[in-house]
> 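Before we start, here is the structure in question, set down as structure tokens.
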Amino acid sequence: MFSLFSKIAESRRVDHFYTRLAHLRYNGNHEKACFPTPKGCSSVTPTVLIADLHRYEGQTVTVRGWLYDRTDKGKLQFLKVRDGSGIAQAVAFQKELPEATFEVLRSLSQESSLIITGTVRADKRAPGYPGGYEIGISDAQVIQIADEYPITPKEHGVEFLMDHRHLWVRSSRQWAILRIRATVINTIRNWLDDNGYLLVDTPIITPAAGESTTELFEITYFEDKAYLAQTGQLYNEANMMSFGKVYCFGPTFRSEKSKTRRHLTEFWMVEPEMAFFSLEDLMDMEEQFISAIVGRVLEKHRMELDILERDTTFLERVSAPFPRISYDEAVARLNKLAAETADPEQQAALRIEWGNDFGSPHETALTQQFDRPVFVYHYPTAVKAFYMQPVADRPEVCRSVDLLAPEGYGEITGGSERIYDRDLIEQRIAHIGINRENYAWYLDLRRFGSVPHAGFGLGVERTVAWLCGLPHIRETIPYPRMLKRMYP
RNA sequence: UCCGGAGUGGCUCAAUGGCAGAGCGGGCGGCUGUUAACCGCUAGGUUGUAGGUUCGAGUCCUACCUCCGGAGCCA
């Protein structure tokens, strides 16, 4: 990778361009460039966003951005310019421009930064996002000629793109995904805020495991060891006793050696926790919450979903109520599916013994039986976290519920009623053999006005992957952290 | 950790054990409506690393490295 860059640096072309630039108004001097506002330049046109171009039809405007692609037709060239808000086509005719301007445009490399001025006109042939309008260039200034850009509009491999993630985020697909991610996060916050939930932050540096099962990242905390949080849940339970309905929202860390399309070592999770909530209350809330997120993305991001070529048929169907099946029923459905399958490999993958947790083939098969997200509740107590409330007359199962997203996406939320009985939580902690001292504060919560309560966690990246129809979670976060990835 | 797959030009990939190639990208030239434009010319290689078999290895064998997919675990 580094040899690539040094090779580019040697390119004679760069020097060549700067020689030419000296003859333009830009004069090779960055201080004199019309940046960030065109004040002082000959043009006094408004600087506009590409997303707003339709509002300026017939007017002369200035757009500042980067060259996404260029097609040279000789005496005519098409420039696709992006400015963060969208991509628009700009057209330069040789006979309408000074020779030097036309020539410098002609030699611009991909991702060169520039400021263009021209007249906005509607044209059905104009590509872009949103497209349909183009700019007839009357003036142009170059900020920087980009070195040979590694990401071309052709196909690339995963490793190459991941090594260039800092540049890949400029590509239209990544631009679309990360804009949708921002809306998902924004809607999560707004919906919770508007429905009586209070944001109460929980610590990232923690003295002990939140759940004993998964592996934690260990850090040095002065003379002690500490761990990066794998959940804010236990602190949420303390906060819930103060505010009734709370949520925490932040990065979560799991040092599991997972190597799949559904795992990151650093991911974002929102965790609501509610006092006096039953498992049924929890499912009612979740289906409203998820529907709101999906609805908002559909409402705001038609263009982005179009860029991603996302078939939104299934997303349009996402509205409460969602189907609810018990773990018992899910196991029965899977074994029935297995029995009906001819392929012995598939059969082995689907068959499941009561008491085991679902693997991803199971989740995939289950979700394919429904046209919207499906709740699976009352999982075996043995496969779930220690704090989950056992079912009254069936302690081998607990008051837990996962929400599985359709189209094979699988688990996006996991939650439960929590044990609120003082003796029972003591027993559970003793039973799994974790250090009671570390949990003394948590046990206090069962001493001072304990109440039934419930909560869940929603994985932001898995949700975004589902909404965008992506095969892998790694593109849903700007800089993914995975088993084999922490650069850039 | 286990199972499977892949490492060849900047990128994506070809190449029966017998002259290492194409497309894209780069460079030069042409073209007034391109949509991943097109046409001509051109530069660009320690075939992941180290051994081995062979007259001859990108190709076969051994070890190692890296990445990808899946399992387990989970959001």
Side-chain angles (χ1 to χ4, degrees), chain A residues 1 3-8 10-13 16 68-80 87 89-96 107 109-110 123-128 131 134 136 147-164 172 211 213-215 230-231 233 251-271 345 348-349 356-364 383-385 402-405 409-415 456-466 471-474 476-477 482-485:
Chain A
M1 176 189 345
S3 62
L4 166 74
F5 290 134
S6 58
K7 180 165 185 167
I8 290 165
E10 287 163 20
S11 167
R12 283 179 304 147
R13 211 189 64 203
H16 178 57
Y68 193 71
D69 196 13
R70 194 174 57 86
T71 301
D72 191 341
K73 290 278 295 172
K75 296 191 176 73
L76 156 71
Q77 44 181 324
F78 299 98
L79 291 79
K80 280 186 199 151
I87 299 180
Q89 174 163 277
V91 190
F93 289 101
Q94 189 171 36
K95 67 177 183 183
E96 293 175 359
S107 45
S109 51
Q110 190 186 346
D123 193 317
K124 283 176 185 161
R125 295 169 298 183
E134 64 180 21
D147 283 358
E148 189 180 326
Y149 194 66
I151 302 177
T152 66
K154 296 286 179 180
E155 286 174 28
H156 296 284
V158 171
E159 189 182 4
F160 178 82
L161 289 170
M162 277 298 170
D163 281 342
H164 296 85
S172 56
E211 302 164 10
T213 50
T214 47
E215 302 206 22
Q230 62 175 177
T231 171
Q233 129 106 58
T252 301
F253 306 89
R254 308 259 167 108
S255 99
E256 293 154 358
K257 292 200 164 39
S258 300
K259 237 174 94 68
T260 77
R261 62 182 64 215
R262 309 139 62 87
H263 285 87
L264 298 168
T265 55
E266 176 182 302
F267 64 97
W268 285 66
M269 182 160 70
V270 60
E271 295 174 276
E345 217 169 280
N356 291 335
D357 205 353
F358 301 125
S360 51
H362 301 122
E363 285 188 7
T364 302
V383 301
K384 288 292 181 182
D402 286 358
L403 181 65
L404 310 183
Y409 278 92
E411 184 177 358
I412 54 170
T413 82
F456 69 96
L458 168 85
V460 167
E461 288 77 16
R462 286 187 180 178
T463 303
V464 174
W466 163 47
H472 200 297
I473 198 173
R474 65 187 155 217
T476 63
I477 187 166
M482 297 181 291
L483 186 55
K484 296 288 180 184
R485 169 69 56 188

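Computed from a prediction, not measured in an experiment: that's the story for all the values here. Chain A is the first sequence line, chain B the second, and so forth, proteins listed ahead of strands; every chain is numbered from 1.
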> Would you say that A:R485 contacts A:D163 through its side chain, given a criterion of any heavy-atom pair below 4.5 Å between the two side chains?
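Yes, side chains in contact.
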> Could you state the CD-P distance from A:E215 to B:rG72, rounded to the nearest angstrom?
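My rounded result for the distance is 16 Å.
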> For the pair made of OH in A:Y149 and P in B:rG25, what is the distance, rounded to whole Å?
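The distance from OH of A:Y149 to P of B:rG25 comes to 16 Å, rounded to the nearest Å.
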> So, does A:R474 get its side chain near the phosphate of B:rG69, meaning an N or O under 4.0 Å from OP1 or OP2?
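For B:rG69, OP1/OP2 do have a side-chain N/O of A:R474 under 4.0 Å.
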> Just how far, in rounded Å, is C1' of B:rU66 from CG of A:D163?
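Going from CG in A:D163 over to C1' in B:rU66 covers 11 Å.
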> Closest nucleotide of RNA chain B for A:I412 versus for A:H156: which of these residues is on the 5' side?
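Going by which nucleotide is closer to the 5' end, it is A:H156.
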> Where the side chain of A:R462 is defined as all heavy atoms beyond and including C-beta, which of B:rG72, B:rC11, B:rC74 is the nearest nucleotide?
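The answer is B:rC74.
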> Write down the partner of B:rC73 under the Watson-Crick or G-U wobble criteria, each distance required to be under 3.5 Å.
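Its partner: none found.
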> What is the base-pairing partner of B:rG4, counting Watson-Crick and G-U wobble geometry with both distances under 3.5 Å?
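Partner of B:rG4: B:rC68.
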> Check whether any side-chain heavy atom of A:F267 sits under 4.5 Å from a side-chain heavy atom of A:R254, and report yes or no.
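Yes, close enough: below the 4.5 Å cut-off.
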> Measuring from A:E134:CD to A:K124:NZ, what's the distance to the nearest 0.5 Å?
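Reported to 0.5 Å precision, the distance equals 13.5 Å.
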> Using whole Å, report how far CG of A:D147 lies from C1' of B:rG26.
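That distance rounds to 12 Å.
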> Go ahead and name the base partner of B:rG40; Watson-Crick or wobble counts if both distances stay under 3.5 Å, otherwise write none.
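Per the H-bond distance test, B:rC28.
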> Under 4.0 Å between any heavy atoms, over every strand shown, what does A:G359 touch: base, sugar-phosphate, or nothing? Just pick one.
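Answer is sugar-phosphate: A:G359 comes under 4.0 Å of backbone atoms only.
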> What I want to check is whether an N or O donor and acceptor connect the side chain of A:S258 with the base of B:rC74 at under 3.5 Å.
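It does not, because no donor-acceptor pair links the side chain of A:S258 to the base of B:rC74 below 3.5 Å.
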> Ignoring hydrogens and angles, tell me if any N or O in the side chain of A:H362 forms a donor-acceptor pair with the backbone of A:A349 under 3.5 Å.
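Yes.
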> Quick check on RNA chain B: between A:T152 and A:L483, whose nearest nucleotide comes earlier from the 5' end?
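Its nearest nucleotide lies further toward 5', so the answer is A:L483.
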> Does B:rA63 have a Watson-Crick or wobble partner in any strand here, with both distances under 3.5 angstrom, and which is it?
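Across all strands, the one nucleotide that pairs with B:rA63 is B:rU49.
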> Between the protein and nucleotides 30-33 of chain B, which nitrogen or oxygen pairs come in under 3.5 angstrom?
unit_1, atom_1, unit_2, atom_2, d
B:rC31, N3, A:D72, O, 3.4
B:rC31, N4, A:D72, O, 3.4
B:rC31, N4, A:D72, OD1, 3.4
B:rC31, N4, A:G74, N, 3.2
B:rU32, OP2, A:K75, N, 3.2
B:rG33, O2', A:R125, NH1, 3.0
B:rG33, N1, A:E134, OE1, 3.4
B:rG33, N1, A:E134, OE2, 2.9
B:rG33, N2, A:Q89, NE2, 3.0
B:rG33, N2, A:E134, OE1, 2.6

> If I pick the C1' atom on B:rA36 and the same atom on B:rG25, what distance separates them, to the nearest angstrom?
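Looking at atom C1' only, B:rG25 and B:rA36 are 12 Å apart.
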> Ignoring the backbone of A:T71, work out which of B:rC67, B:rU34, B:rC74 is nearest its side chain.
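The listed nucleotide nearest to A:T71's side chain is B:rU34.
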> For B:rG4 versus B:rG72, give the span between their C1' atoms, rounded off to a whole number of Å.
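Result for the C1' pair: 16 Å, nearest Å.
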> Over all strands shown, is A:T413 touching base, sugar-phosphate only, or nothing at heavy-atom distances under 4.0 angstrom?
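Sugar-phosphate, backbone atoms only, no base.
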> Check the distance between B:rU66's C1' and A:K259's NZ and give it to me in whole angstrom.
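Distance, rounded to whole Å: 10 Å.
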> If you compare every side-chain N and O of A:H472 against the phosphate oxygens of B:rG69 (OP1, OP2), does one of them come in below 4.0 Å?
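Looking at the OP1 and OP2 atoms of B:rG69, one of them is under 4.0 Å from a side-chain N or O of A:H472.
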> Using the P atoms only, state how far B:rA71 lies from B:rG27, rounded to an integer number of Å.
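Each nucleotide's P atom is 44 Å from the other's.
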> Above 12 or not: heavy atoms from other molecules or residues under 6.0 Å from CD of A:E155?
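Counting other residues, nucleotides and ligands, CD of A:E155 stays at 12 neighbours or fewer.
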> Does B:rG56 have a Watson-Crick or wobble partner in any strand here, with both distances under 3.5 angstrom, and which is it?
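For B:rG56, the partner nucleotide comes out as none, under the 3.5 Å rule.
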> Within a strict 4.5 Å, meaning less than it, do heavy atoms of the A:W268 and A:I477 side chains meet?
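Contact flag for A:W268/A:I477 side chains = yes.
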> Whole-Å distance between B:rA75 C1' and A:F456 CZ?
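That distance rounds to 11 Å.
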> Please report the distance, rounded to the nearest Å, between CZ in A:F358 and P in B:rC73.
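Taking atom P of B:rC73 as the reference, CZ of A:F358 is at 12 Å.
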> If you measure from the C1' atom in B:rG30 to the same atom in B:rU66, how many Å do you get, rounded?
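Roughly 44 Å separates the two C1' atoms.
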> How about A:E271 and A:T231: does a side-chain donor come under 3.5 Å of a side-chain acceptor?
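Yes - a donor-acceptor pair under 3.5 Å links their side chains.
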> Base, sugar-phosphate, or nothing for A:I151, non-hydrogen atoms under 4.0 angstrom?
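Counting heavy atoms under 4.0 Å across all strands, no contact is made by A:I151.
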> Tell me what A:H263 touches on the nucleic acid: a base, only sugar-phosphate, or nothing, going by heavy atoms under 4.0 Å.
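Base, at least one base heavy atom under 4.0 Å.
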> For a quick check of understanding: with a heavy-atom distance under 4.0 Å over all strands, which category does A:K484 fall into, base, sugar-phosphate or nothing?
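The answer is sugar-phosphate, as A:K484 gets under 4.0 Å only of primed atoms, P, OP1 or OP2.
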> Is it true that a side-chain atom of A:T260 and a backbone atom of A:R262 form a donor plus acceptor pair closer than 3.5 Å?
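Judged by distance alone, yes, a pair lies under 3.5 Å.
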> If I take atom OH from residue A:Y409 and atom CG from residue A:L404, how far apart are they, to the nearest 0.5 angstrom?
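It is 14.5 Å, given to the nearest 0.5 Å.
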> Which part of the nucleic acid, if any, lies within contact of A:R485, taking any heavy atom under 4.0 Å across all strands shown: a base, the sugar-phosphate backbone alone, or nothing?
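Contact class for A:R485: none.
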> Relative to each other, are the rings of A:H156 and A:F160 parallel, tilted or perpendicular (30° and 60° limits)?
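The arrangement is parallel - the two ring planes meet at less than 30°.
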> Grab the CD-C1' distance between A:E148 and B:rA43 for me, whole Å please.
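Between C1' of B:rA43 and CD of A:E148: 12 Å.
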> From the options B:rA75, B:rA36, B:rG69, select the nucleotide whose nearest atom is closest to the side chain of A:E155.
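Output: B:rA36.
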